[in-house]
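First listed ligand is number 1; within each ligand, the first listed atom is number 1.
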Amino acid sequence: MTHAVEIRDLHKYFGDNEVLKGIDFTVEPGQVVCVIGPSGSGKSTLLRCVNLLETPTKGKVFVNGRELTHPDADIDATRRQVGMVFQQFNLFPHLTALQNVMIAQQRVLNRSKAEAEIVARENLDKVGVADKCHEYPGKLSGGQQQRVAIARALAMNPALMLFDEPTSALDPELVGDVLAVMRKLAEEGMTMLVVTHEMGFAREVADRVVFMDGGVIVEDGTPAQVVGDPQQERTRSFLRRVL
Ligand code: ADP
Ligand code: MG
């Protein structure tokens, strides 16, 4: 079977600073993998290497069996299969929720306006903000904005969704709505790679938890293994701080 994501000996330098020091892991289709670890450990850089927002310095990255790091790779084709949700939502402030979800469909997938609108409305409905479709981001709560951002990614029919601390910028009372949408996606079989500090989500929804520290993977296993019974002192000390 083809892995959804396969990373082999991935290294990333920023100047002399080696931020990823030989990462190996895979995500299987339909799996939810949560990446946890201290600030600065390389979690965002790892995620960004999976859709080439960062260029790996060394090593190989495959998405659905296609090597992104191959010199002849069709990067745009692979990127179209990968949805990404950021901590800071990154919606266009001058476009309504509906327009935010339509624009990439029209520009990147060449969908007609009518088709893009149908798909946008379906996805806004799915994440529970259909009634906000004509609002501008500035009029929405953080939780609503993040759900629009998820709808925008889903409208592109991605094979894989990347989430980089999607709830870290939210007021505590808004976190649950976003996690509920992510949980629903997971239950529907979406392949997801999620950087998060939400240990409850990691424990209940993830098939695997990966603990990173200092640019390496320290532990990789089921939530019961990595969160419930960590083997490394570095993992234990991190968990003591976040749990
Ligand atoms: P995390 O997401 O785990 O907090 P990051 O992947 O954001 O960690 O960052 C890992 C390290 O890489 C940090 O030391 C950070 O300063 C550095 N870094 C990240 N992005 C850049 C960049 N664009 N240029 C230079 N250094 C960077
Ligand atoms: Mg980060």
Side-chain angles (χ1 to χ4, degrees), residues 5-27 32-61 63 68-69 75 79 82-91 142-143 145-146 149-150 152-153 158 160-172 174-175 178-179 182 191-203 205-206 208-221 223 226-227 230 232-243:
V5 180
E6 180 178 0
I7 295 177
R8 292 294 167 223
D9 195 31
L10 173 64
H11 294 255
K12 175 65 182 177
Y13 285 78
F14 291 109
D16 294 339
N17 186 14
E18 189 178 20
V19 169
L20 298 177
K21 302 176 180 171
I23 300 281
D24 288 278
F25 84 98
T26 55
V27 181
V32 177
V33 177
C34 283
V35 180
I36 62 172
S39 179
S41 57
K43 306 180 298 298
S44 293
T45 304
L46 172 63
L47 222 58
R48 293 166 66 83
C49 282
V50 175
N51 63 359
L52 298 191
L53 286 176
E54 299 291 354
T55 309
T57 310
K58 177 169 170 265
K60 292 185 176 179
V61 178
V63 172
L68 271 66
T69 38
I75 292 165
R79 273 204 189 126
V82 182
M84 182 139 180
V85 175
F86 302 88
Q87 185 175 334
Q88 294 297 344
F89 328 136
N90 296 356
L91 297 176
Q145 289 184 60
Q146 191 59 298
I150 294 172
R152 176 178 61 177
L160 166 70
M161 286 282 285
L162 308 177
F163 293 86
D164 192 356
E165 300 198 30
T167 60
S168 294
L170 301 178
D171 291 334
L174 303 177
V175 168
V178 172
L179 292 180
M182 292 169 63
T191 310
M192 295 165 53
L193 184 54
V194 183
V195 176
T196 187
H197 296 297
E198 292 291 335
M199 299 310 299
F201 180 85
R203 259 198 289 225
V205 181
R208 269 176 39 229
V209 174
V210 171
F211 172 68
M212 279 182 75
D213 192 15
V216 299
I217 291 178
V218 176
E219 293 199 49
D220 179 347
V226 175
V227 184
Q232 303 294 325
E233 178 49 33
R234 279 199 275 179
T235 317
R236 285 195 287 265
S237 122
F238 172 76
L239 290 169
R240 274 197 297 273
R241 279 180 276 136
V242 298
L243 286 177

> Quick one: does Arg79's side chain have a donor or acceptor within less than 3.5 Å of a partner on Asn51's backbone?
Replying inline: yes
> What atoms of ligand 1 come closer than 4.0 angstrom to any heavy atom of Pro38?
Replying inline: 3 (O)
>> For atom 7 (O) of ligand 1, what is the closest protein heavy atom, and at what distance to 0.1 Å?
In response: Ser44 CB, 3.7 Å
> Quick one: does Gly215 get a heavy atom under 4.0 Å from ligand 1?
Replying inline: no
> Between Phe14 and ligand 1, does any nitrogen or oxygen pair lie at a separation below 3.5 Å?
Replying inline: no
>> Is Ser44 close enough to the Mg ion (ligand 2) that one of its N, O or S atoms comes in under 2.8 Å?
In response: yes
>> What protein heavy atom lies closest to atom 14 (O) of ligand 1? Include the residue and the distance to one decimal.
In response: Asn17 ND2, 4.0 Å
> In terms of residue, atom name and distance, what is the protein heavy atom nearest to atom 9 (O) of ligand 1?
Replying inline: Thr45 OG1, 3.9 Å
> Between Glu18 and Lys58, is there a side-chain N and carboxylate O pair less than 4.0 Å apart?
Replying inline: no
>> When you measure from the side chain of Lys12 to the backbone of Leu46, do you find a donor-acceptor pair of N or O atoms at a distance under 3.5 Å?
In response: no
> Going through the distances and angles, do Ile36 and Met212 end up as a side chain to side chain contact (heavy atoms under 4.5 Å, CB included)?
Replying inline: CA-CA 6 Å; Ile36 62 172; Met212 279 182 75; over 6 Å; no
>> Residue-level breakdown please: for Val19 versus ligand 1, do any non-hydrogen atoms fall below 4.0 Å on the side chain, on the backbone, on both, or on neither?
In response: side chain
> Should Gly37 be listed as contacting ligand 1, given a heavy-atom distance under 4.0 Å as the test?
Replying inline: no
>> For a quick test of reading the model, state the closest non-hydrogen atom pair linking Pro56 to Val61 and the distance between them.
In response: CG-CG2, 4.2 Å
